Peer 1: 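Please read through the structure below; I'll follow up with questions.
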Amino acid sequence: MSKQPNKKGTTMADKQEMAVREKKELADKAEKTVPGRYFVPYADIYETDDALAVVLEMPGVEKKDLEVALENDVLRVDGRIDFAKYKDVEPVYTEYNVGHYARSFALSGTIDREKIGANLEDGVLTLTLPKSTRAQPRKIAIG
């Protein structure tokens, strides 16, 4: 892969540095009824003309253990880890804590709530939040 310079003459690879990010534990006011720690999954949000894409890192979460719900204009994501996989594992060194994931997003009025989609693949959850037709850009014909 060749490096492509951006407008200022530096490459994206030059700007990004590899660093270990500490997993952020969820500080939620509500008490949890499921045992275990909850973490905030890292997210990237991309915008196109017709939708927002929210990409969340949720390693170890399987589709059957994932819940995406919309209530009162808040999109909530809950991913649960099956701790049985780690029962007999005795780590020598760890940088990665194992736990459930939870994150919420307040949606604006520009999102079409009926068409929200979710896809989980290889520990990466992609949420597609289509914009309502009134929020999408359009060209005005000149008469």
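Every heavy atom of this structure was used, including side-chain atoms; hydrogens, water molecules and symmetry mates were not. As the structure is a prediction and not an experimental result, all values here were calculated from the model.
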Peer 1: On a heavy-atom basis, which atom in E62 and which in L120 lie closest, and how many Å separate them?
Peer 2: C-CD2, 3.7 Å

Peer 1: Indicate the atoms forming the closest heavy-atom contact of P41 with A102, along with that distance.
Peer 2: CD-O, 3.5 Å

Peer 1: Would you name the heavy atoms of V61 and Y101 that are closest together and state the gap between them?
Peer 2: CG2-CD1, 3.7 Å

Peer 1: What I'd like to find out is whether the side chain of E67 reaches to under 4.5 Å of the side chain of R76, using heavy atoms alone.
Peer 2: no

Peer 1: May I ask you to decide if the ring planes of H100 and F83 are parallel, tilted or perpendicular, using 30° and 60° as cut-offs?
Peer 2: perpendicular

Peer 1: First locate atom CG of L66, then atom CZ of R80, and finally report the distance between them rounded to the nearest 0.5 Å.
Peer 2: 7.5 Å

Peer 1: Determine whether a donor-acceptor pair (N or O, by modelled atom type, separation under 3.5 Å) exists between the side chain of N72 and the backbone of V74.
Peer 2: no

Peer 1: Would you give the length of the straight line joining atom CD of E114 to atom OG of S132, rounded to the nearest 0.5 angstrom?
Peer 2: 12.0 Å

Peer 1: Between CD1 of I81 and OH of Y38, what distance do you get to the nearest 0.5 Å?
Peer 2: 10.5 Å

Peer 1: Using modelled atom types only, decide if a donor and an acceptor are shared between the side chain of K131 and the backbone of T48 within a distance under 3.5 Å.
Peer 2: yes

Peer 1: Check whether any side-chain heavy atom of L52 lies under 4.5 Å from a side-chain heavy atom of L127, and answer yes or no.
Peer 2: no

Peer 1: Any salt bridge between D73 and R113, counting N to O under 4.0 Å?
Peer 2: yes

Peer 1: With a 4.5 Å cut-off on side-chain heavy atoms, are L107 and L70 touching?
Peer 2: yes

Peer 1: M58 versus V77: any side-chain heavy-atom pair under 4.5 Å?
Peer 2: yes

Peer 1: For V124, give me all partners under side-chain contact (heavy atoms from CB on, under 4.5 Å), at least two apart in sequence or on another chain.
Peer 2: V55, T126

Peer 1: Does any non-hydrogen side-chain atom of F105 lie less than 4.5 Å from one of L56?
Peer 2: yes

Peer 1: What closest approach, in Å, do V68 and A118 show between heavy atoms, and which atom pair accounts for it?
Peer 2: CG2-CB, 4.4 Å

Peer 1: Less than 4.5 Å apart, any side-chain heavy atom of V54 and any of L75?
Peer 2: no

Peer 1: Within a reach of under 6.0 Å around NZ of K87, are more than 12 heavy atoms found that belong to other residues, nucleotides or ligands?
Peer 2: no

Peer 1: Mind checking the CG-OG1 spacing from N119 to T128? Nearest 0.5 Å is all I need.
Peer 2: 8.0 Å

